[in-house]
Amino acid sequence: MFEANNRAYLTFYMKQFSKLHRQIFAITTTLALITIVIISISIASLLYTQGIDNAESVLRNKNRSVTTLIDGYVAPLRKAVEYTGSPASGVDHSRFREQETKEKILSLFEVLQNTIPNIHYIFSGYEDGSLLINNYTAPADFNSTVRPWYLAAIKSNPLISEGVPYQDINSKKWLVSFGTTLLDADNKIVGVISIDAGMDSIVKALAIRDEKYPTIYNFVMDTEGKILIHPDETLPDTLHQQIFSHLPEKVNASGSLAYNDGDQKKLAHFDRIDELGWIVVTEVNLADIRQPIVKTITSTLLMIVIGSLFTTWLMSHILSRHLILPLKRLQQRVQEITEGKDELGKYVFPNNEIGKISEAIEKLTEKALIQKNIELKDKNTLLSTISHTDQLTSIANRRKMMEVLHTEVSSYEQNQLPFSVLMFDVDHFKHVNDTFGHDAGDQVLIRLAQVVKATIRNTDTLGRWGGEEFVIVCPNTDKTMALNIAEKVFSAIHLHDFPLQISITISLGLSEFTNNHSLESILVGIDQKMYRAKQLGRNQIQT
């Protein structure tokens, strides 16, 4: 009869939305909402910052690419100018009036034109106004000394003149002119040598578009803000006042900046080529960058919100089923045990299920205290073990490894006992997970930990640093001994048959702790060595 009444009581009670149930639901919902807000703000900020950083990296790389192209393109031209005007060319330009010298000069010009295909014209002008150039006869009234290329070289003396781009009248192609002064034995200027070279490849490089950022483009301007080379043929010889007014001082060889061009917000990167007097600029509409960032943030936050709300509902459901109902049953059982005792504790417990259970448990506390203390000690021991052990591989976790490292550093500082640290990462582990599944990936990590632990010495400590990264701390071990251990680990992994015939290799970095190290610096150092091993092709040791 009592059992039937008990079942009826529980059935009735389960239908009620108890106070504790409402409290749990309210707490989980509140925590979920707070978590959603905090995570959303953090992730949105992180994604936006990363998006801008990525865009700046793209701008910087494209800008450097164009700058490097220009440097590589112009260098042989400037060398040719320098060589032609120097005594090393075997030509004495101070004797330019002599026919034999003229022939030597023109012959040299022809050789250079045949050697450097980018040269369109190479010529020299002299103080008497004459001009020497192959396959061209200057007009009778031609005067070299008043030409822009002549004046630019005189102004830059003794340096080579800055590159002056211009559009050829006949071919409409972009050319750039470099010149230097010609001196006699007394260092007196007798003329100017100049080379005009084609800029087609540079113009093409400036015009290359980016699929991710369609509005990105490049152009070149001088130190006064005048556009020299631009894929849009209507813009050269115009001022770009908007960006020029935002450029930092000339001491900054390169950098990034943001500015408004009309109603468009722009992000740009610039690089100065001082020897040419050019500034290479790569810019993009900021809206072009923000659009993919906003899409990424929106989709990410949507997944977070949906996941958090589902988690809240699931937690409430699980807690209601696995916590409240057992508590109610426990309450019933405790009341049966304590039945027949009239005296209750003087403490007034809260008016809910927990309070009623507490009133019943109060009467059993004194008898169960010793047993509970024993259980608590056992649980604390278990928790201590769990807190220092990686749950997947059963080796030391990162917290334990940090304690071991601190101990070794202290021992080194007191006794100068050497120790070494090895860090390795499983190569292409993401491919293993993607190809064979995460369960297979977990089995690989478990087996890898077993193989390495069986290979190293009993005095060494192996720990999982995170993901597929592992650390080995080797006490009383110098760099040579550590390398020997690393080679044994490599050999053991190479010879081991992993599940599903998965081929596993590692990239490893190692360092010996010295007086020049701190704990932070040696960890940074071996991490860099490990990633250098990856960059150099993986499956290797970097010391």
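Keep in mind the model is a prediction, meaning the values are calculated, not measured.
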Atom [atom1] of [X] and atom [atom2] of [Y]: how far apart are they, to the nearest 0.5 Å?
X: Asn218; Y: Asn63; atom1: CG; atom2: CG; answer: 7.0 Å
X: Arg464; Y: Glu469; atom1: CZ; atom2: CD; answer: 10.5 Å
X: Ile119; Y: Glu110; atom1: CD1; atom2: CD; answer: 12.5 Å
X: Ile122; Y: Asn134; atom1: CD1; atom2: CG; answer: 9.0 Å
X: Glu512; Y: Thr477; atom1: CD; atom2: OG1; answer: 9.0 Å
X: Leu182; Y: Glu127; atom1: CG; atom2: CD; answer: 10.5 Å

May I ask you to check whether [X] and [Y] show a side-chain donor-acceptor distance below 3.5 Å?
X: Ser94; Y: Asp184; value: no
X: Ser194; Y: Ser177; value: yes
X: Ser254; Y: Asp271; value: no
X: Ser57; Y: Asn54; value: no
X: Thr68; Y: Ser65; value: no
X: His269; Y: Ser256; value: yes
X: Lys266; Y: Asn285; value: yes

Are side-chain heavy atoms of [X] and [Y] found at a separation under 4.5 Å?
X: Asn61; Y: Val58; answer: no
X: Ile189; Y: Ile154; answer: yes
X: Ser124; Y: Ile193; answer: yes
X: Lys188; Y: Leu183; answer: no
X: Leu422; Y: Leu508; answer: yes
X: Ile541; Y: Glu487; answer: yes
X: Thr84; Y: Leu112; answer: yes
X: Leu510; Y: Ile472; answer: no

Side chain to side chain contact (heavy atoms under 4.5 Å, CB included) evaluation trace for Ile279 with Val220: CA-CA 6 Å; Ile279 303 174; Val220 179; over 6 Å; no

Taking all non-hydrogen atoms of both residues, which atom of [X] and which atom of [Y] are closest, and how far apart?
X: Ile116; Y: Pro76; result: CD1-O, 3.9 Å
X: Ala153; Y: Val192; result: CB-CG1, 3.4 Å
X: Leu536; Y: Gln540; result: O-NE2, 3.2 Å
X: Asn143; Y: Gly129; result: OD1-CA, 3.3 Å
X: Tyr150; Y: Gly191; result: OH-CA, 3.7 Å
X: Met401; Y: Val471; result: CE-O, 3.7 Å

Counting N and O atoms only, with roles assigned by atom type, does the side chain of [X] sit under 3.5 Å from a partner on the main chain of [Y], one being a donor and the other an acceptor?
X: Thr505; Y: Asn539; answer: no
X: Thr435; Y: Val432; answer: no
X: Ser420; Y: Cys474; answer: no
X: Ser518; Y: Ser521; answer: yes
X: Thr298; Y: Val294; answer: yes

Steps toward side chain to side chain contact (heavy atoms under 4.5 Å, CB included) verdict (Phe436, Val444): CA-CA 11 Å; Phe436 301 97; Val444 167; over 6 Å; no

For Tyr121, all residues meeting ring pair (Phe, Tyr, Trp, His ring centres under 6.0 Å), sequence neighbours excluded: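 Scan of Tyr121 (ring pair (Phe, Tyr, Trp, His ring centres under 6.0 Å), adjacent residues dropped) gives none.
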
Pair Trp149 + Phe178: ring centers closer than 6.0 Å: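 When the ring centroids of Trp149 and Phe178 are compared, they turn out to be at least 6.0 Å apart.
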
Tell me which pairs pass salt bridge (Lys or Arg N to Asp or Glu O under 4.0 Å) where either residue lies in [range], with sequence neighbours left out.
range: residues 35-63; answer: Lys62-Asp210
range: residues 514-532; answer: none
range: residues 73-96; answer: Arg95-Glu98

Pairs where residues 505-537 contributes a residue and the test ring-ring contact (aromatic ring centres under 6.0 Å, His included) is met, not counting sequence neighbours: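 Every pair satisfying ring-ring contact (aromatic ring centres under 6.0 Å, His included) with a residue in residues 505-537: Tyr412-Phe513, Phe419-Phe513, Phe513-His517.
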
ring-ring contact (aromatic ring centres under 6.0 Å, His included) pairs, two or more places apart, involving residues 69-105: Phe96-Tyr126

From CA spacing to verdict: side chain to side chain contact (heavy atoms under 4.5 Å, CB included), Ile526, Ser511: CA-CA 6 Å; Ile526 61 174; Ser511 289; 3.4 Å; yes

Glu100, CD: over 12 other non-hydrogen atoms inside 6.0 angstrom: no

Neighbour count >12 (heavy atoms, 6.0 Å) for atom NZ, Lys104: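 No, not enclosed.
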
Audit row: Glu103, Leu106, side chain to side chain contact (heavy atoms under 4.5 Å, CB included) steps and yes/no: CA-CA 5 Å; Glu103 291 175 358; Leu106 291 175; 5.9 Å; no

